[in-house]
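Just so you know, residue 1 is the first one in the sequence shown, and it goes up from there.
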Amino acid sequence: MIGVLTHHWSKAGKFDQARTLLDGNGLAQSKAPGFVSRVTLLSREDPNQITSIVVWKNDEIYDEWKKSKERAIAMHGADSLWEKSPASQRFDIP
């Protein structure tokens, strides 16, 4: 299994929209083959930061999700919400 840790930073005044969009993406992910779990973390230090940890069965399944029509629909308009590009990192789960 893999874990994907992704940090998002919303533009000022766009946090609620960004959170709603990411929650919708999480719902779409939960229906995808190979999805295991997702947790959303809200930063205590930066009120505009939303971080998620998503667990998938393997890299190939996650890569397919990233290219999927469902993801494109769920994340439509996301670029207009971010202060800077999201930062993502993959981890192995033994």
Side-chain angles (χ1 to χ4, degrees):
M1 283 193 295
I2 65 162
V4 182
L5 178 72
T6 305
H7 302 291
H8 295 87
W9 295 272
S10 70
K11 291 180 180 177
K14 300 282 186 174
F15 179 85
D16 290 338
Q17 285 178 274
R19 175 76 195 271
T20 298
L21 181 122
L22 291 174
D23 287 347
N25 183 57
L27 180 61
Q29 286 176 328
S30 72
K31 297 174 184 176
F35 170 88
V36 177
S37 65
R38 182 178 190 273
V39 175
T40 299
L41 307 169
L42 304 179
S43 175
R44 290 182 171 186
E45 296 175 12
D46 182 344
N48 293 314
Q49 183 179 349
I50 305 167
T51 297
S52 63
I53 302 170
V54 185
V55 178
W56 293 87
K57 287 190 178 178
N58 59 47
D59 281 304
E60 294 77 21
I61 288 171
Y62 178 64
D63 290 338
E64 286 300 313
W65 164 254
K66 293 279 287 183
K67 296 185 288 187
S68 74
K69 175 183 166 186
E70 292 81 8
R71 182 181 183 274
I73 292 168
M75 294 299 285
H76 179 74
D79 291 342
S80 68
L81 300 174
W82 309 140
E83 182 65 33
K84 57 184 174 180
S85 296
S88 187
Q89 186 175 5
R90 296 183 192 197
F91 296 85
D92 291 319
I93 300 175

Linked, directly or transitively: [X] and [Y] (ILVMFWY side chains, under 4.5 Å):
{"X": "I2", "Y": "I93", "result": "no"}
{"X": "V55", "Y": "Y62", "result": "no"}
{"X": "M1", "Y": "V4", "result": "no"}

State, yes or no, whether a side-chain contact exists between [X] and [Y] at a heavy-atom distance under 4.5 Å.
{"X": "T51", "Y": "T40", "result": "no"}
{"X": "L21", "Y": "M75", "result": "yes"}
{"X": "L81", "Y": "H8", "result": "no"}

Drop me the distance from [X]'s [atom1] to [Y]'s [atom2], to the nearest 0.5 angstrom.
{"X": "R38", "Y": "Q29", "atom1": "CZ", "atom2": "CD", "result": "5.5 Å"}
{"X": "L41", "Y": "L5", "atom1": "CG", "atom2": "CG", "result": "7.5 Å"}
{"X": "E64", "Y": "D59", "atom1": "CD", "atom2": "CG", "result": "12.0 Å"}
{"X": "E83", "Y": "F15", "atom1": "CD", "atom2": "CZ", "result": "14.0 Å"}
{"X": "Q17", "Y": "S80", "atom1": "CD", "atom2": "OG", "result": "7.0 Å"}
{"X": "I61", "Y": "S68", "atom1": "CD1", "atom2": "OG", "result": "12.5 Å"}

Item to complete: Would you check, one step at a time, whether the test side chain to side chain contact (heavy atoms under 4.5 Å, CB included) holds for K11 with N48?
Response: CA-CA 7 Å; K11 291 180 180 177; N48 293 314; over 6 Å; no
Practice prompt. Answer yes or no: does atom CG of D92 have more than 12 heavy-atom neighbours from other residues, nucleotides or ligands under 6.0 Å?
Written response: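 No, not enclosed.
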Worksheet item: Where is the tightest heavy-atom contact between A74 and A28, given as atom of each residue plus distance?
Response: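 Heavy atoms only, the tightest pair is CB-CB, 4.1 Å.
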Item to complete: Inspect the contact between D63 and K67 and indicate whether a charged nitrogen and a carboxylate oxygen are less than 4.0 angstrom apart.
Response: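 Salt bridge flag = no for D63 with K67.
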Worksheet item: Is the F35 ring parallel, tilted or perpendicular to the W56 ring (thresholds 30°, 60°)?
Response: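 The rings of F35 and W56 stand perpendicular, inter-plane angle above 60°.
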Fill in: Under 3.5 Å: donor-acceptor pair, side chain of S52, backbone of V54
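Looks like no, no N/O pair under 3.5 Å.
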